[in-house]
Chemist: 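If you scroll down you'll find the structure; I have some questions about it.
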There are 2 protein chains.
Amino acid sequence: MASSTVENYLKHILLLSEGTDGLVSMGALASSLAVVPGTVTTMVKALADGGLVAHRPRQGVQLTSEGRHLALTVLRKHRLVETFLVNVLKMDWAAVHDEAEQLEHAISDDVLDRLDALLGHPTADPHGDPIPSRHGKLSSQVYATLATCAAGRPVRIVRVTEQSKEFLQFAEQNGLQPGTSLSVADRNLTAGLVTLRKAAGRTVPLSLAAAGKILVEPEKQSARFRPKPEPCS
Amino acid sequence: MASSTVENYLKHILLLSEGTDGLVSMGALASSLAVVPGTVTTMVKALADGGLVAHRPRQGVQLTSEGRHLALTVLRKHRLVETFLVNVLKMDWAAVHDEAEQLEHAISDDVLDRLDALLGHPTADPHGDPIPSRHGKLSSQVYATLATCAAGRPVRIVRVTEQSKEFLQFAEQNGLQPGTSLSVADRNLTAGLVTLRKAAGRTVPLSLAAAGKILVEPEKQSARFRPKPEPCS
DNA sequence: GTTCATATTTTGATTAGTCAAAATAAATCC
DNA sequence: GGATTTATTTTGACTAATCAAAATATGAAC
């Protein structure tokens, strides 16, 4: 059984290697895990001995297939737990990340499967982050962001890629959650400001940096009245 | 924040001190925690430094009110989690103890309260073990057991005080769970054997030792048709 | 092609929790 | 009351995970 520490290292390597060639630098991993770089070097060598990662000295670290499988399981636990906390226990979506951070290391595969069934086999968590499938498939679909999509085009938010409480609370207060329909009214690159227009005509100003954290897809007519995800009964 | 290890020490001290003067011997604690006695001595001294227990060298250890409060919170988490796993996730009651053993250290007080509400503020877990109240009250009602109650008297099972998988599976297969009505048909002390008669007239043989683990109360007429606890909706 | 800045690795030390085995205190038994 | 058994404590050592700070590569700049 992998320790919580090992599970965390693998999870962070997985997240940092998303959309790259797979090699993660020691420094990036260290700051992601909030430990000093020397600690990471030591730990990564131990993980390499255990066959969970491949370590290229002075270049970076990469998951082996075994390590990737374990990391995906941890990520699946994390995101299903978040979904449970929001949909069933009605917790604030800004609070659930920290909770899930603990619970992901404590729930068994059996409980995981039962939670999955209870929730109706969701494919994304409350932030829109994709939930790895039971057999280790992780959707890596590429979306536009509010910083890059065409102005005036009706879009729907599919994902908010930021876990900090502050950002999520702000997003919630301004109705910027997966499922929300809106369009970019204006984008001022020199001022770094994006103005959004929501359904009722209400406008919301947003920094370009924040807009880049919000992923969107083109609004589909057929899904115009799609309700927000319901908690399971 | 107390570590899982500290929480476990406190929980075991609490359970071992139930119904005694409160002093728990080092040896009893060591075997309960499955560590060697020397480890317990070391750890108990650290807990005493932290104000969670009072250590009387060569005599035993006792919770302080702060330690007792923490232990009760852990026990409350354990038993509410067990209830959730059985009532909501429909897990086998023999499997939930080990799961809860992990989860009790990972769930926050906020999640605890929400689980409690979701489950309808239960007062006992699926084994009939009392759930400490939010403010630290733990029912210590004394019951008769199938080894001690009067033969022929109609009784109802209220609690099964044994967590081993094997025992719980046996009990389930023979319909010996909280809520079951039955009576002791015969008790043979020399053979160490108890024979139970269940509702449909079916009889079940049981060792005296096992019978002592099953707590009962006199059958109340008004509760004859009391249904088994329902999972929350 | 040296020099410099930066990232990485190494080294030595620390903390929490544990075990094995020796030392000590307490209780019991003629 | 001295000898023996039993529980407890002490001592020394170990593992996992970490940090601080020194040593070492690597790549960029001049």
Side-chain angles (χ1 to χ4, degrees), chain A residues 1-14 16-17 20-63 66-67 70-71 74 101-102 104-106, chain B residues 1-14 16-17 20-63 66-67 70-71 74 101-102 104-106:
Chain A
M1 207 35 54
S3 68
S4 294
T5 305
V6 167
E7 291 189 346
N8 269 329
Y9 273 78
L10 297 177
K11 187 184 67 173
H12 280 89
I13 295 169
L14 175 68
L16 291 171
S17 66
T20 74
D21 57 354
L23 261 190
V24 174
S25 78
M26 296 291 138
L29 189 49
S31 71
S32 177
L33 286 161
V35 298
V36 301
T39 302
V40 169
T41 300
T42 309
M43 193 67 195
V44 160
K45 283 202 289 190
L47 294 177
D49 283 350
L52 296 171
V53 303
H55 181 207
R56 301 257 195 74
R58 306 228 169 232
Q59 302 199 66
V61 63
Q62 193 169 12
L63 293 172
E66 186 186 349
L70 228 165
V74 177
E101 211 61 19
Q102 301 304 312
E104 67 190 4
H105 309 297
Chain B
M1 205 36 52
S3 68
S4 295
T5 306
V6 167
E7 291 188 345
N8 269 329
Y9 273 78
L10 297 176
K11 186 184 68 172
H12 279 90
I13 295 170
L14 176 68
L16 290 171
S17 65
T20 72
D21 57 353
L23 260 191
V24 174
S25 78
M26 297 290 136
L29 188 50
S31 71
S32 177
L33 286 160
V35 298
V36 300
T39 300
V40 168
T41 300
T42 309
M43 192 67 194
V44 160
K45 282 202 288 189
L47 294 176
D49 283 350
L52 296 171
V53 303
H55 181 206
R56 300 258 195 72
R58 309 239 165 222
Q59 300 198 66
V61 62
Q62 192 168 11
L63 293 172
E66 186 186 349
L70 227 166
V74 177
E101 210 62 19
Q102 302 303 314
E104 67 190 4
H105 308 298

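Predicted model, so just to flag it, every value in this text is computed and none were measured. Naming convention: chains lettered A, B, ... in sequence-line order (proteins, then strands); numbering from 1 in each chain.
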Chemist: For B:E7, which residues count as a salt bridge (charged side-chain N to carboxylate O under 4.0 Å, His left out) partner, sequence neighbours excluded?
Modeler: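 Testing B:E7 for salt bridge (charged side-chain N to carboxylate O under 4.0 Å, His left out), a comparison that skips the adjacent residues, returns none.
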
Chemist: Without decimals, in angstroms, what is the distance between B:D49 CG and C:dG17 P?
Modeler: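 In whole Å, C:dG17 P and B:D49 CG are 13 Å from each other.
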
Chemist: Is A:Y9 near enough to D:dA16 that one of its side-chain N or O atoms lies under 4.0 angstrom from OP1 or OP2?
Modeler: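 It does not, given that no N or O in the side chain of A:Y9 lies less than 4.0 Å from OP1 or OP2 of D:dA16.
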
Chemist: How many Å lie between NZ on B:K45 and C1' on D:dT8, as a whole number?
Modeler: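 Taking atom C1' of D:dT8 as the reference, NZ of B:K45 is at 11 Å.
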
Chemist: For B:T39 and C:dC19, is the shortest distance between a side-chain N/O and OP1 or OP2 below 4.0 Å?
Modeler: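 Checking B:T39 against C:dC19: at least one side-chain N or O falls below 4.0 Å of OP1 or OP2.
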
Chemist: Would one find a side-chain N or O of B:T5 under 4.0 angstrom from OP1 or OP2 of C:dG17?
Modeler: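 Yes, B:T5 has a side-chain N/O under 4.0 Å of OP1/OP2 on C:dG17.
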
Chemist: Specify the separation, in whole Å, of atom NE2 of A:H105 and atom P of D:dA17.
Modeler: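 Distance, rounded to whole Å: 12 Å.
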
Chemist: Reckon A:S3 has a side-chain N or O less than 4.0 Å from the OP1 or OP2 of D:dA17?
Modeler: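 Yes, such a contact exists.
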
Chemist: Enter the distance from B:H55:NE2 to B:D49:CG here, rounded to the nearest 0.5 Å.
Modeler: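 It is 11.0 Å, given to the nearest 0.5 Å.
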
Chemist: Using side-chain heavy atoms (C-beta onward) and a distance below 4.5 Å, is B:Y9 in contact with B:V35?
Modeler: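 With C-beta onward as the side chain, the pair touches.
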
Chemist: Nearest whole angstrom, please: distance from the P of C:dA26 to the CD of B:Q59.
Modeler: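 That distance rounds to 9 Å.
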
Chemist: Looking at every heavy atom in both B:G22 and B:S17, which two are closest together, and how far apart are they?
Modeler: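 Scanning both residues, the minimum pair turns out to be O-CB, 3.7 Å.
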
Chemist: Closest approach of A:H105 and A:N8, non-hydrogen atoms and distance?
Modeler: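 That would be NE2-OD1, 3.3 Å.
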
Chemist: Rounded to the Å, how far apart are A:R58 CZ and D:dA25 C1'?
Modeler: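 The distance from CZ of A:R58 to C1' of D:dA25 comes to 4 Å, rounded to the nearest Å.
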
Chemist: For the pair made of CE in A:M43 and P in C:dT10, what is the distance, rounded to whole Å?
Modeler: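 Atom CE in A:M43 sits about 16 Å away from atom P in C:dT10.
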
Chemist: Please give, in whole Å, the distance from D:dT26 P to A:R56 CZ?
Modeler: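 Roughly 14 Å, once rounded to whole Å.
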
Chemist: Could you give the distance from CG (A:L63) to CG (A:L23), rounded to the nearest 0.5 Å?
Modeler: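 Reported to 0.5 Å precision, the distance equals 10.5 Å.
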
Chemist: If only side-chain N and O atoms of A:T41 are considered, is one of them under 4.0 Å from the OP1 or OP2 phosphate oxygen of C:dT9?
Modeler: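 Checking C:dT9 against A:T41, a side-chain N or O does come within under 4.0 Å of OP1 or OP2.
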
Chemist: Can you tell if the side chain of B:E104 reaches within under 4.5 Å of the side chain of B:K11, non-hydrogen atoms only?
Modeler: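 Heavy-atom side-chain distance check passes, below 4.5 Å.
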
Chemist: Tell me whether the side-chain N/O atoms of B:H55 come closer than 4.0 Å to OP1 or OP2 in D:dT9.
Modeler: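 Checking D:dT9 against B:H55, a side-chain N or O does come within under 4.0 Å of OP1 or OP2.
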
Chemist: DNA chain D: A:S4 or B:P57, which has the more 5' nearest nucleotide?
Modeler: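 Comparing both residues, the 5'-ward one is B:P57.
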
Chemist: Looking at DNA chain C, which of residues 21-38 of chain A put a heavy atom within less than 4.0 Å of it?
Modeler: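 Nucleic-acid contacts, sorted: A:S25, A:M26, A:G27, A:P37, A:G38.
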
